[in-house]
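Input: a single structure, listed below in structure tokens.
Excluded from the calculations below are hydrogen atoms, water molecules and symmetry mates; all remaining heavy atoms, backbone and side chain alike, are included.
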Amino acid sequence: MTGRRIISIWLPHLPIDLWTRRQAEATFPCAARPEPDVRTADRRPLVLAVQGPHGPIIHDMDRTACRLGLKRGARITDIRALVPNLCVEDADPSAETAALQRLAVWARRWCPWTQTDGADGIFLDISGSAHLAGGEGALLREMREAFGRAGLRIRAAAAATPGAAWALARYGGRRLLLCRDEQTQDCLAPLPAASLRLHPDTVLLLERLGLKTIGALAAIPREALVRRFRRAETPDANPVLRLDQAMGRLAEPLVPGRPAPPLRAARRLAEPIGDLAGIENVLGDLMLDLTGRLGTAARGARHLRLTGYRTDGGTAWLEARTSTPSRDPAHLTRLFAEDLPRLDPGFGFDAMTLEAAAHEALSAHQGGLAGEDRAESALTTLLDRLMARLGSANVSRLRPRGSHVPERAETREEVQAPISTPSESASLSRHRPPRPPRLLSRPEEAEVLYALPEGPPARLAWRRQSHRIVRSEGPERIAPEWWREKSTVRLRDYYLVEDEGGRRFWLFREGVPGDGRGGAPRWFVQGLFG
């Protein structure tokens, strides 16, 4: 076959597949773990939710939810009325986009030209490379198996144009579909008009005109279609353009995203070096060179890798990470000082490189007029040195989340993780009442005596010690998160109390008498002040 050949890979359940894979990796961190998609019919239906214009809506769902007939875009509140045991988790669209981009690069094992397609697809130009896998049929089966091992379900189709491959992958009715060049018109004719990648308004208009399939659309005189849609401003509003692209009458090139060249500094040495002083001198030169390139590109390093190439052909390397983007040569050089003596030169290094393996945008900024160091700059310097000494996995920070429930209001992440932009979750954390500096890993049940049924506590018994309460503040009521929890979860009334010894506790009463969600209210200690 001498013509152009395109494969369209559709990942119809990419969000839930990625979520299930993350849960499986957290439960089974070793390589020999069960397949991620192991949900059975007796499990609670699971959906991933994103914020819609009128509250959370379904972003994706597992197989149990699909069998119940749930649809994307449905409001969580409406679905909960129909499915009381629904399990709702937050989706992460930005992580899904990043994962799809990585998959597009990973798919270059089969061909050199790949491109992401929307939020759930990949295009591959396999012209001239299918024979390496034994033909297009064998290549499609190999792709399905490779994605399946990664826990991802796909539908794929091979055709002569991106439009035809896209239509067959999503509307062809088969997981793998192969369409020869001469079969393009016959394969596309029975497919609905929506398979031409048209806007829903355009599809609705065609259906009203009786043009429900591609075959019916192709049978209409071209001049009439051109006159009807001559004012279409975008390709998805012009069925004539989309039809020409699918049939190969109009070129539709693929533009694969190429990664930017790495920011790297290199030195070839006239004589091999093996002493610490010589390595430090080369590191200083490399750092000045690299930070100069970072400044030109307006970038700041987040992950540095120093590599030494030994005369015997081996390599040795060191890595350093930063909490925020930086291109300060003195600071970045100090991050290697702790581990530099452990770099094994063997019989000597005859070349060394320093690469910014990860970097972010960093614009120039002005310090204080008197030359004093800013407080945030001193903090980031301290964090970087702690990571260099203790390891990046042992230094973490708290990130706010969109929840009023204290144990879910913050999550722990590594310091070198990119700092997210301010969002609703951050503003929510700013407007809530103060929280104790020490929160227990999980609330601990306590015994409380109080004068009134719904009044403040008078005596607290916790961890085998009794405390007489002399001051109290509250309650602060936190209602259950109905979109995430079962309907039987009880509300909480939080109190800040102080005993006669000056010790202050943050405790809550779970439930109120007569709420119909259990027996007598229970008391828990959530945190400590001081």
Side-chain angles (χ1 to χ4, degrees), residues 105 258-367 371 373-374 376-395 414-419:
V105 176
R258 292 295 183 182
L263 290 173
R264 178 188 301 154
R267 286 290 185 276
R268 293 186 178 275
L269 308 173
E271 296 289 340
I273 60 172
D275 60 304
L276 180 60
I279 295 175
E280 289 176 344
N281 291 333
V282 175
L283 173 61
D285 294 340
L286 291 173
M287 191 65 71
L288 290 175
D289 191 357
L290 179 61
T291 52
R293 298 185 183 187
L294 289 170
T296 303
R299 309 290 289 181
R302 293 295 305 273
H303 180 191
L304 294 174
R305 182 181 296 114
L306 174 67
T307 306
Y309 298 86
R310 296 195 291 249
T311 56
D312 59 0
T315 60
W317 66 89
L318 294 175
E319 293 182 330
R321 301 175 185 269
T322 64
S323 58
T324 57
S326 174
R327 53 174 179 265
D328 181 359
H331 170 59
L332 296 177
T333 302
R334 281 195 299 269
L335 299 182
F336 288 100
E338 189 76 21
D339 295 328
L340 203 59
R342 294 197 291 267
L343 190 65
D344 182 16
F347 294 103
F349 293 133
D350 55 10
M352 296 187 71
T353 61
L354 181 64
E355 178 184 356
H359 47 82
E360 299 177 8
L362 178 63
S363 58
H365 65 277
Q366 180 177 338
D373 193 11
R374 293 186 175 182
E376 59 269 23
S377 177
L379 176 61
T380 56
T381 301
L382 174 62
L383 291 175
D384 294 344
R385 298 186 66 178
L386 288 175
M387 286 194 297
R389 180 180 292 271
L390 304 176
S392 58
N394 298 319
V395 183
E414 294 184 0
V415 171
Q416 76 268 14
I419 300 177

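Partners of Arg264 by salt bridge (charged side-chain N to carboxylate O under 4.0 Å, His left out), not counting sequence neighbours, listed by chain and number: Glu355. By the side chain to side chain contact (heavy atoms under 4.5 Å, CB included) test, Ala298 is found to be paired with no residue, residues two or more places apart in sequence or in another chain being considered.
A pairwise comparison of heavy atoms in Pro325 and Glu360 identifies CG-OE1, 3.5 Å as the closest pair. Nearest heavy atom pair, residue Ala357 against residue Arg305, reads CB-NH1, 3.7 Å. Closest non-hydrogen pair, Ser323 versus Asp384, comes out as N-OD1, 2.6 Å. In this structure, Phe336 and Met287 approach most closely via the heavy-atom pair CE1-CE, 4.0 Å. A pairwise comparison of heavy atoms in Arg327 and Gly300 identifies NH1-N, 4.4 Å as the closest pair. Counting all heavy atoms, side chain and backbone alike, Leu286 lies closest to Thr353 at CD1-C, 4.1 Å.
Here salt bridge (charged side-chain N to carboxylate O under 4.0 Å, His left out) pairs that include residues 274-288, with residues two or more places apart or in two chains, number zero.
Separating the CD1 atom in Ile273 from the OG1 atom in Thr311 is a distance of 11.5 Å, to the nearest 0.5 Å. Here Leu306 contributes atom CG and Leu343 contributes atom CG; the two are 6.0 Å apart, rounded to the nearest 0.5 Å. To the nearest 0.5 Å, atoms CG (Leu382) and CE (Met387) are separated by 10.0 Å. Here the CG atom belonging to Leu294 is positioned 11.5 Å from the CG atom belonging to Asp328, to the nearest 0.5 angstrom.
Looking at Leu354 and Asp289, their side chains never come closer than 4.5 Å, going by heavy atoms from C-beta outward. Using a 4.5 Å heavy-atom cutoff, the side chains of Leu335 and Leu304 are not in contact. Put simply, the side chain of Leu332 reaches to within 4.5 Å of the side chain of Thr322, judged on heavy atoms.
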Could you walk me through whether Thr324 and Leu383 pass the side chain to side chain contact (heavy atoms under 4.5 Å, CB included) test, one step at a time? CA-CA 9 Å; Thr324 57; Leu383 291 175; over 6 Å; no
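Although no hydrogens or angles enter the test, the distance criterion places no donor-acceptor pair under 3.5 Å between the side chain of Arg310 and the main chain of Phe349.
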